[in-house]
A.B. asks: 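Here it is, the structure, as structure tokens.
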Amino acid sequence: MSQFWLMKSEPDVYSFEQLKNDRTTWWTGVRNYQARNFMMNQMKLGDTVLFYHSNAEPPGIAGLAKVTKLAQPDPTQFDKKSEYFDPKSKLDKPSWFCVEVGYFQDIKNYLPLQSLREDKKLAGLLLLQKGTRLSVLPVEKKHFDHIITLGQSS
DNA sequence: GCCAACGTTGGC
DNA sequence: GCCAACGTTGGC
């Protein structure tokens, strides 16, 4: 099972800097079954997460996080005041789950999407595949290791 | 703001 | 179970 992940967030909504400030956050609001299943079934404590800024200028990888708590029901699905409220969710049978992630490490270089696309060593990275809209994606170790190298090189 | 590529919904 | 219509994501 994968030990490396990429999670997307719009920095206007929740940025890596905010995570660094908060130290940890529950990854609420995911309303896609594939992304939920990754969090619910596969993410383990200590898994490393590439924190990706989507809808950013430019979009790219901003830093490193870790999974700090296993998946639990996402409380926002029951909150009528939340934009993530889901009237179909039942308290005894929640539809949506989220993990807690914590700040882990800065990277020296922000890694723009375009530079990742141009890197031959990252061929096959799910993030780069056409039509991939998942907000939670597994990352292969070989790709993860290379991304770390890019992020820390001078 | 546009729009391609998906995912979801609901009528049948 | 099919599929058209609609909604969303997210790069550009």
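Every value quoted in this text rests on a predicted model; they were computed, and no experiment measured them. Letters A, B, ... are given to chains in the order of the sequence lines, protein chains preceding strands, and every chain is numbered from 1.
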A.B. asks: Between which nucleotides of DNA chain C, read 5' to 3', does contact with chain A run, using atoms under 4.0 Å from its heavy atoms?
C.D. replies: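 Going 5' to 3' along DNA chain C, contacts run C:dG7 to C:dC12.
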A.B. asks: How many angstroms lie between CD in A:Glu17 and CG in A:Asp106, if you round to the nearest 0.5 Å?
C.D. replies: 8.5 Å
A.B. asks: May I ask you to check whether A:Tyr103 and A:Phe16 place their ring centres under 6.0 Å from each other?
C.D. replies: yes
A.B. asks: Strictly below 4.0 Å, heavy-atom distances to any atom of DNA chain B: list the hits from residues 111-131 of chain A, or just say none.
C.D. replies: A:Lys130, A:Gly131
A.B. asks: List in chain and number order the residues that pass salt bridge (charged side-chain N to carboxylate O under 4.0 Å, His left out) with A:Asp79, two or more places apart in sequence or in another chain; answer none if no residue qualifies.
C.D. replies: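 For A:Asp79, no residue satisfies salt bridge (charged side-chain N to carboxylate O under 4.0 Å, His left out) once neighbours in sequence are set aside.
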A.B. asks: Tell me what A:Gln34 touches on the nucleic acid: a base, only sugar-phosphate, or nothing, going by heavy atoms under 4.0 Å.
C.D. replies: sugar-phosphate
A.B. asks: Ignoring hydrogens and angles, tell me if any N or O in the side chain of A:Thr132 forms a donor-acceptor pair with the backbone of A:Leu126 under 3.5 Å.
C.D. replies: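 Yes, because the side chain of A:Thr132 sits within donor-acceptor range (under 3.5 Å) of the backbone of A:Leu126.
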A.B. asks: Centres of the A:Phe104 and A:Trp5 rings: under 6.0 Å?
C.D. replies: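 Centroid separation for A:Phe104 and A:Trp5: 6.0 Å or greater.
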A.B. asks: Check each residue of residues 48-56 of chain A for a non-hydrogen atom within less than 4.0 Å of any atom in DNA chain C, then write out the ones that pass by number, or none.
C.D. replies: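 A:Tyr52, A:Ser54, A:Asn55, in order of number.
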A.B. asks: I'd like to check the salt bridge (charged side-chain N to carboxylate O under 4.0 Å, His left out) partners of A:Lys120; sequence neighbours left out, ordered by chain and number.
C.D. replies: none
A.B. asks: With distance as the sole test, does A:Tyr110 use its side chain to make a donor-acceptor pair with the main-chain N or O of A:Gly60 at under 3.5 Å?
C.D. replies: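 Flag set: sc A:Tyr110 to bb A:Gly60 pair under 3.5 Å.
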A.B. asks: Which other residues end up in the same hydrophobic cluster as A:Trp96, if Ile, Leu, Val, Met, Phe, Trp and Tyr are linked when side-chain heavy atoms come under 4.5 Å apart?
C.D. replies: A:Tyr33
A.B. asks: Mind telling me whether A:Phe144 and A:Phe4 have parallel, tilted or perpendicular rings, with 30° and 60° as the class edges?
C.D. replies: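 Parallel, since the angle between the ring planes stays under 30°.
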